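Since we're looking at a predicted model, the values are computed, not measured.
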Amino acid sequence: MFTGIITDKGQVLAVERRGDLRARIATAYPAASIEIGASIACDGVCLTVVAAGSTPQSWFEVDISTETLSKTNLGRWAPGRAVNLERPLK
């Protein structure tokens with residue numbers, strides 16, 4: 001469950017088409033606090049973390065399904081785009 005309160009402004013670092021879309025997003029969230037399988041709302045869309053790291057800065061990756069791309073504007077993401085980020089309630 002999300003509150004609607006944006007807690008970070010991330011930046012798209014990379015996008016890769018794999019049938020679906022995989023996006024890497026830079027964040028101020030510490031990489032050690034981002035668990036694989038965690039949910040993070042990105043521009044208001046709940047996405048699941050599939051990878052995370054800290055080099056050269058903290059980042060996480062999400063896979064965005066074709067269905068999600070058809071219902072949102074996430075298909076227009078490109079490197080450099082700012083992304084509103086929100087973590088779920090505990």
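Judged as a salt bridge (Lys or Arg N to Asp or Glu O under 4.0 Å), the pairs with a partner in residues 35-52 (not counting sequence neighbours) are, in order, Asp43-Arg81.
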Exercise for review: Give the C-alpha distance, both sets of side-chain angles, the deciding distance and a yes or no for side-chain contact (heavy atoms from CB on, under 4.5 Å) between Phe60 and Ile36.
Suggested key: CA-CA 9 Å; Phe60 65 92; Ile36 304 304; over 6 Å; no
**Study point:** Pair Thr48-Val62, side-chain contact (heavy atoms from CB on, under 4.5 Å): steps then yes or no
**Key:** CA-CA 6 Å; Thr48 302; Val62 293; over 6 Å; no
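Remark: Trp59 engages no residue in a side-chain hydrogen bond (donor to acceptor under 3.5 Å, both in side chains) (not counting sequence neighbours). Annotation: side-chain hydrogen bond (donor to acceptor under 3.5 Å, both in side chains) contacts of Ser39 (sequence neighbours excluded): none. Checked against side chain to side chain contact (heavy atoms under 4.5 Å, CB included), Arg17 has the following partners two or more places apart in sequence or in another chain: Leu21, Leu69. With sequence neighbours excluded, the residues forming a side-chain hydrogen bond (donor to acceptor under 3.5 Å, both in side chains) with Thr66 are Asp20, listed by chain and number. When the side chain to side chain contact (heavy atoms under 4.5 Å, CB included) test is applied to Thr68, the partners found at least two apart in sequence or on another chain are Val45, Ile64, Ser65, Thr72, Leu74. Taking Glu67 as the reference, Lys71 meet the salt bridge (charged side-chain N to carboxylate O under 4.0 Å, His left out) condition, with sequence neighbours excluded. A search for salt bridge (charged side-chain N to carboxylate O under 4.0 Å, His left out) contacts involving Arg22 returns Glu61, Asp63, not counting sequence neighbours. Partners of Thr7 by side-chain hydrogen bond (donor to acceptor under 3.5 Å, both in side chains), not counting sequence neighbours, listed by chain and number: Tyr29.
Membership of an apolar cluster is not assigned to Phe2, as no side-chain contact below 4.5 Å to another ILVMFWY residue is traced. Clustering of Ile, Leu, Val, Met, Phe, Trp and Tyr side chains at separations under 4.5 Å leaves Ile5 isolated, with no partner residue.
The backbone N or O of Ala28 sits nowhere less than 3.5 Å from a side-chain atom of Ser58 that would complete a donor-acceptor pair. For Glu86 (side chain) and Ile6 (main-chain N/O), no donor-acceptor pair under 3.5 Å exists by modelled atom type.
Within the model, atoms OG of Ser54 and CD1 of Ile34 stand 9.5 Å from one another, a figure rounded to the nearest 0.5 Å. Summarising the geometry, atom CZ belonging to Arg87 is positioned 3.5 Å from atom OG belonging to Ser33; distances are rounded to the nearest 0.5 Å. For the atom pair Leu85 CG and Ile40 CD1, the distance stands at 6.5 Å (nearest 0.5 Å).
Minimum heavy-atom separation, Ala26 to Gln57: CB-NE2, 2.9 Å.
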Would you tabulate the side-chain donor-acceptor contacts of residues 9-16 under 3.5 Å, counting partners in other chains and residues two or more places apart, or write 'none'?
from: Lys9; atom 1: NZ; to: Asn84; atom 2: OD1; distance (Å): 3.2
from: Gln11; atom 1: NE2; to: Gly80; atom 2: O; distance (Å): 3.3
from: Glu16; atom 1: OE1; to: Arg18; atom 2: NH2; distance (Å): 3.4
from: Glu16; atom 1: OE2; to: Arg18; atom 2: NE; distance (Å): 3.3

